[in-house]
Every structure is written in C-alpha cells, then in structure tokens.
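Here's the structure we're looking at; comments come further down.
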2 protein chains.
Amino acid sequence: MDDISPIRAKSGTNQEGTSAHNRRVMIEALRLNGALSRADLARATQLTKQAVSNIIEDLESDGLVVALDAVRKGRGQPSTPYRLVPEGAFAIGLQIDRYLTRAVAVDLVGSVLARAEANLPFDEPSRGVEVILGLIGGVRRELAGISSQSEERLVGLGVAMPGPFGLKNSDDKWMMPAWQKFPLLETLAAGTGLNVGLQNDAAACATAERIVGAAHGVDHAVCLYVGYGIGTGLILNGELYSGGHGNAGEIGMALLAPAGSGSTPLEHRASLASLYQHLDLNPADDDIYQQMNALVVAEDPKMMAWIDGAAHDLRWSVHLIETMFDPQTVILTSGAPETLARRLVEAMHPLLPSIADRPGRTLPRLQLGTTDPWSIALGAAAAPISRAFDPLFSAILKTRSRGA
Amino acid sequence: MDDISPIRAKSGTNQEGTSAHNRRVMIEALRLNGALSRADLARATQLTKQAVSNIIEDLESDGLVVALDAVRKGRGQPSTPYRLVPEGAFAIGLQIDRYLTRAVAVDLVGSVLARAEANLPFDEPSRGVEVILGLIGGVRRELAGISSQSEERLVGLGVAMPGPFGLKNSDDKWMMPAWQKFPLLETLAAGTGLNVGLQNDAAACATAERIVGAAHGVDHAVCLYVGYGIGTGLILNGELYSGGHGNAGEIGMALLAPAGSGSTPLEHRASLASLYQHLDLNPADDDIYQQMNALVVAEDPKMMAWIDGAAHDLRWSVHLIETMFDPQTVILTSGAPETLARRLVEAMHPLLPSIADRPGRTLPRLQLGTTDPWSIALGAAAAPISRAFDPLFSAILKTRSRGA
DNA sequence: CTAATTAAGTCAAGCGGATTGACTTAATGT
DNA sequence: ACATTAAGTCAATCCGCTTGACTTAATTAG
C-alpha cells in the first residue's frame, strides 16, 4: 500500500511474465479439462504447438504434469494426453474457529492427504498458537510419510478464520478480539518457515468450491457460508475477490432493514450461532454435529421453526447477492450437517424474483455445496495452490525486489 | 461464452501481449501522475530505463505522449517529463434514457470536446435510432473540426442505457422493453462503422468517476447512481465489474426487506422516478432540472420529506454496499441538481455502522461525485478509451482470430 | 574553478521465449 | 497401396526486454 515513491503505477512485465502466465494457463487448462494433448492445449490457449511443447516439457521435468498413454481418435497421429501430477505440489490449510482448529495437507489437485483437529482455548491466541503449530507439525510429518518431496514442494500455508478483520471496535466477543490483535501471520510464518496467507472462512469455502466443488470452472459464483457466523465468498472474474481491506462479502454484518431501530445483523438470525441459542445447544460440545442431525431427522419443532426463520432471511440474502453481483450461481455451504443444510435450501424455495431469474440459465440459481466441516481448511489450503499455479493478472507483473 | 471446442482455457500470451501491457501501464502511469520522466516511469513500473525509452519513443511517434521542457531537480542530468496528448485518441459516448439521448465526444484524457442532446420518442427504438445516428453524426463532424485526425483516432462508441439487460419479463414499461429487444449494438455498429460497447447507466457513471472524478486512481470504489432509476457501478481491482451477465450492481431491483409482502424494490422509493411521482412532476419537461433545483432551494416541504425518506433507504444501501464489497469509498452521483444531491448526502449522515467504519481511513466513506447530467454520456465515452488504453488482464491475452 | 558525484538517458550486444514453416510420424479412409 | 489428416519436432527467426558500458548534464565538495 505505502510506497516510498508517490508515483502510482502498475508493474510492467517481460518474457518471464509471459512464460509464467503461459505455464499457469496450461495448468489451469489441465485442471479444468482433466487431460489434454499438446495439440489440444495449443488450440485452447491460442499458443503455437511449439510453444506448448516447450512449456509441457518444462512442466514435465518439474514433475507437475505427466503423459498418459497415447490415444487414437480418428485420423492422424495419436495424441498423447497430459494430466496434472497430484504430488507436484502441496499446501497446508489451517482453520481457526472459536472452539477448535483444523489443519489439512492437500496436493496440487486439491485432494486431502492428511488432517488433524484439536480444541482451542477460547480467544487465547498465545496458548492457541502452540496447539496450532503442533497440529501443523503433525500434518506436515504425515505428509512427509506420503511423499519424500513434500517439503520442497510445499507452496505455503493458508489460514482461514472468521472475519471481518481490522475493525475499530473489535472487542465484541463474537469476533475473537484477542485473535484479531495477535500477530498471527508473523508467528505462523516464523514457526513454520512457510509463506502464510489469510482469508476469512467464507472466502475459504468459496476457494474450496472453486478447486473441487460446485464452482469448479465457474467464473462468477458466490458462496454463501452458514457457519457459526455467516458470510459470502466471492468468485468474480474467476478469482477470489476480497475487497479493499479483505472484508468483502461479510454479509453477516448486514442489517436486515433500513430502519435504525428494528434492524438486526443477518448473522444474529440466520447463523448456527442463532441456532445454538434458539435450541439451547452448546457449540463447544463434541457431538454438536450429531445433535443437530438428530434434531433434523426427528423433525424437532423448534429446529423446524428455526429453519423456516433462517430460510426466510437467507432467501432474501440470495436475492441481494444476485442483485448486487449477478453471479452465474449461488452455492450454499455450511458447517452444519448435510441434512440440515439440505432442509435449509429446500425451505428457501421458491426463491425471490431477481435479475438471476432469466431465460436460458444453465446453472441453478441456488445449489447446495459441500457441508463437509473440513472444507474450510481445504479452502485455506487451496489458496496458496491457487496463488502459485492459477493464471492471475498479478502473476505476470514484475515483482518489486523487496528491500529490507 | 459458447465455444465450438468444449475445452475451457484462458488464452496464453507472447511478446506482443507483454508489449501491449507495458504500453498501457505507461499510459496509466501518466494518466494518474500527470507527467513523468522516463526514469520515473522505469522506477514506477519496474521496467528498465531502456525498455521504457523504447516504449515512450513508440508512444511519442504514435502521437500519444509528448515531451515537456526538461526540469532540473538536484544533481544529475535534468529529466524530460512526458505527458499524455489529449488529441491522441477520441471516443464517442452515447446515453440513451427514457425521454432523451445525449452524445459526447471525448479525448484521451476524458475532456468533453463536443456534445449534443435530443428528445427521444418513448420506447420506440426504430424511430429513436434515427435520432441517435443523427446525433452521433453531428458530434463526429464537430470533432472533425477540432482535430483533423479525429476519424483515425476514434477508438469506439460507448453506449449507456438503463439496465438490467436480458431479463425474462421485460415488458415492464419501466425497463424500456422495446429497446431491450431492439438489436441496438448491431444497428449502431452498422450505422457508424465503430466498435460499439454497452453498459448500464450506473456503470457509465462509475467509469466517468474513474477517468476524471472521485474514483480516479482508486482501485475499489462503488458509485451509487441516483437517476430516473437507481443502480451502482462497481470498480473492483481497478476495473469495472459487470457480473456474469452484465447486470452486477443493479441495486434498484433490490427488495427492501426480507418479507415477501411489505417489500418494495429500492428503486420505487429512492430514485428520481419516485421523486417525480411524489411531487407530481413530469420527467419529460424540459426544465425539470430547474424545477427540482427551485424546490430544493425553496425548501419545499414535500421535497424535504422525499429527501428524508430517500436518504433513509440510501443510507441503508450504502451500508449494504460497504458490507458486501468493502470498497475504499462510496461515491454518490446523480442526474439531479447538485443542490438536491448535496442535501441527500447530508441527510444520509450519520451513516449506519459497517465494516467500513475502520481506523485509519484516508477516503471518506461517502462522498458526492459529479452531478453533471452529461456524466453518463462521458462515462459511456470513457469505456472504449479504457478498453483501448488501460492495463487490463484481458489485454495481454492472445485474441482468437475471429473466423466468420 | 576544478573535480567528484549523482542522475538521466543512449548504445549495442545479449537473451529468453514465442513464432514460423518445413518435416516426420502414425493413424484412418478410399 | 496411397492419399489424407493430425500430432508433434526441428531449426531458424523475430520480437521485445535486459545488461552493462558509456555519454551528457546537472549539483556539490574542495
């Protein structure tokens, strides 16, 4: 943000930027299409066969892609498809929530190779960070047992925790104030030696949906995450959008009505926190997941009432999201059991009319995404993978040689 | 959207892409910083002095930049600053509204060189397009009188009209249904021989603020436009965001409450259309602008009541915008007289609390942008300029050679 | 009044990486 | 058997940024 020089300008680029971009384009193409021959890649990327050949050769020798058996399809020489090598890169993802933390190790294609979770002392980062470093260490050792090259190929550590970040009055218990003040990224970077990045939990969910879920290959998607809090992860133009200060999509803070008086934040009505309160459940219980599931299966009246109320507000949230972002699809994800999430989605129908209500849709306006409680950690891990391998505008720019 | 090939991939790039990007980076740097020497540009863009020299030389011979007098500043050889040449490029902007149409010609730096307006027969595109072509022709001739090279240097025609576009049930009078169905872009392209692009009026406003207004050099800004309808133009990551189907930011369609019953679209309460209705004014009146201004100056009670009501809803809109997009600033623009817009902004304070309410802000949360009724046409004209000269990700990509 | 220093900008060779066009290889169709 | 079609390689070329030495022109130190 703050430059020494007052001159505002974007970076230029050079052949290295070109090459970096083209490599990333190849990787993305293989990720989205499974396996492609060099000729396919040349056609799809507009590059010449020769350029593609050189790049693929590089990627192969870097261990990022591998040739499959040649396939005959009609006339002409058979083509040799290439696919991504999952073991070509790894990343660690970390979810920090109010009462627990989870760490996962994923590979280049987003498969989870190791996972671990632990309870976290509430809002005590200095103790919590010890737990976290232990967890990361464990996952990392497990990963080393799977691939001998795991350490060299570890591209980073992605952290996801509830936002918003950096606000004025963050001594609201809700927002884990002690964690907000704690120098988390620095501590984790020092403790692990990895590049560390941070995003909020909803953004992590969107990243997860993008790499292995319903948003795979969709350029404009919004992921509505119903967890302890509620938020949205925004995929705009094929990239995660995080706003001017990393807090874009924090819809949980949205007031439900223009009025100053009767207006509540959405989060207080349509989050799992509100469910816990409504049903008098303890979110710190180990079997909270099972408890919720049982109540849904039993069609417990209080649960059903909560679902109806939450669906009412969420329906409107989807309407707003569609109106503001014009996405191709909205994906509801949740830390709740799938039975509950599915009920919620059902209760949200029929959806409110909006600009998304257009002829010729291919994707549903609202779909249920993953409800795996591990998906936030997975999304956190996917972020460094994406930063390292996806075609991003920023990736072509020359980087300022970082002076002390 | 629909490719012949089912393979999904981004385009690659090559030296031409590199060069194109670097040229655009130079132009943007000069636009944002006024005048810079080659050495300044080299530092700002991370390129070498030599690369910058070559690019500047090219730009100079293309007539896009020009050297100023050398300036001495401390030791060393004096530097020669360069600035953009306004006459380096031109574009035409067209605003189509319900009752009138405006056309402007602008230059590379966004100065308006010619303007013309005309009444438009309501929702009769086949007759309207004749008026429009006449208007464009007039502006174009006027431009030719100013610059002999205007025709060669005309980069395109930008059109702005009220959105949203392409919806299902667009026989709502409000939405100019006949225009929605009319093959406008094709007709204008054929009639003018120019590249034609379309955006909604709020997006055009944002584009105008970006090129010459409050959003100049701001990467994340939302422009809230209060016109006959109401909408937002989104500047995200320094580029206009238009969503999956070009309708992002159509906040006028947003329902004001989660409830299905008592919920009205924002547009019906906080737009000039609602003002006209409330005060029983005729928007087709030629002196409607003066009428509104007089009512504000006289502090007409009905006008004041409308302002209070609209401010109430707009305050909440700003809250929602901040919550969803996390912009650095929100800019209120309007087709209304400045007196009215200023009153509106004042009445919106104090703003609702939101994530934008953070320490260390440099830009105001809400500021008044331009209220010049010509700014939509200006923004429309700025769009082709931006497409041709701003550093965009899409500009580095190889373009698919367009087969018939 | 030099001489040293600092900075802008040029020159010419170098280099990275995509392009070009001819060529090879290997399949299918007639 | 031969023409056709397509995948992929080879070697030369070309484009555009980089490198490092050099020139020019100012300020500051002695």
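Here the structure is a predicted model, which means the values were calculated and not measured. We use all heavy atoms of the structure for the numbers below, so side chains are in, but hydrogens, waters and symmetry mates are not. Proteins come first, then strands; the chains are lettered A, B, ... in the order of their sequence lines, and each starts at number 1.
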* Side-chain donor/acceptor of Q328(A) to backbone N/O of D219(A), under 3.5 Å -> yes

* Asked: Quick one: CD1 on I385(B) to CZ on R31(B), what's the gap to the nearest 0.5 Å?
  -> 7.0 Å

* To do: Report yes or no: do D40(A) and S37(A) form a side-chain donor-acceptor pair below 3.5 Å?
  => yes

* Asked: CD1/I55(A) to CZ/R23(A) distance, rounded to the nearest 0.5 angstrom?
  -> 8.5 Å

* Asked: Do F325(B) and F325(A) make the cut of ring centroids closer than 6.0 angstrom?
  -> yes

* Asked: If only side-chain N and O atoms of R23(B) are considered, is one of them under 4.0 Å from the OP1 or OP2 phosphate oxygen of dG16(D)?
  -> no

* Structure fact -> In numerical order, the residues of residues 65-78 of chain B whose heavy atoms come under 4.0 Å of DNA chain D are R72(B), G74(B), R75(B), G76(B), Q77(B), P78(B)

* Asked: Atom CG of L41(B) and atom C1' of dC17(D): how far apart are they, to the nearest Å?
  -> 16 Å

* Would you mind reading off the distance between E57(B) atom CD and dA8(C) atom C1', rounded to a whole angstrom? => 15 Å

* To do: Measure the spacing between OG of S242(B) and NE2 of H220(A) and express it to the nearest 0.5 Å.
  => 7.0 Å

* Answer yes or no: is there a donor N or O on one side and an acceptor on the other, between the side chain of R24(B) and the main chain of A388(B), under 3.5 Å? => yes

* Take the protein atom CD1 of I56(B) and the nucleotide atom P of dG9(C), then report the distance between them rounded to whole Å. => 10 Å

* Which whole-number value in Å describes the distance from R38(B) CZ to dT23(D) P? -> 19 Å

* d(CD, E60(B); P, dT10(C)) in whole Å -> 10 Å

* To do: Could you tell me the separation between the CG atom of L36(A) and the C1' atom of dA7(D), rounded to a whole number of Å?
  => 14 Å

* Taking only N and O in the side chain of S37(A), is any of them less than 4.0 Å away from OP1 or OP2 of dG8(D)? -> yes

Hey, what are the protein-to-nucleotides 18-21 of chain C N/O distances that come in under 3.5 Å?
| from | atom 1 | to | atom 2 | distance (Å) |
| --- | --- | --- | --- | --- |
| dA18(C) | OP1 | N22(A) | ND2 | 3.2 |
| dA18(C) | O4' | Q15(B) | OE1 | 3.2 |
| dT19(C) | OP1 | N14(B) | ND2 | 3.0 |
| dT19(C) | OP1 | K398(B) | NZ | 2.4 |
| dT19(C) | OP2 | T48(A) | N | 3.1 |
| dT19(C) | OP2 | T48(A) | OG1 | 3.1 |

* Starting from the C-alpha separation in whole Å, work towards a yes-or-no answer on salt bridge (Lys or Arg N to Asp or Glu O under 4.0 Å) for K398(A) and E16(A). => CA-CA 8 Å; K398(A) 291 188 72 172; E16(A) 283 178 53; over 6 Å; no

* Backbone N or O of E239(B) within a donor-acceptor pair of the N237(B) side chain at under 3.5 Å? -> no

* Asked: To the nearest Å, how far apart are R43(B) CZ and dA7(C) P?
  -> 9 Å

* Are any of T80(A)'s side-chain N or O atoms less than 4.0 Å away from OP1 or OP2 of dG8(D)? -> yes

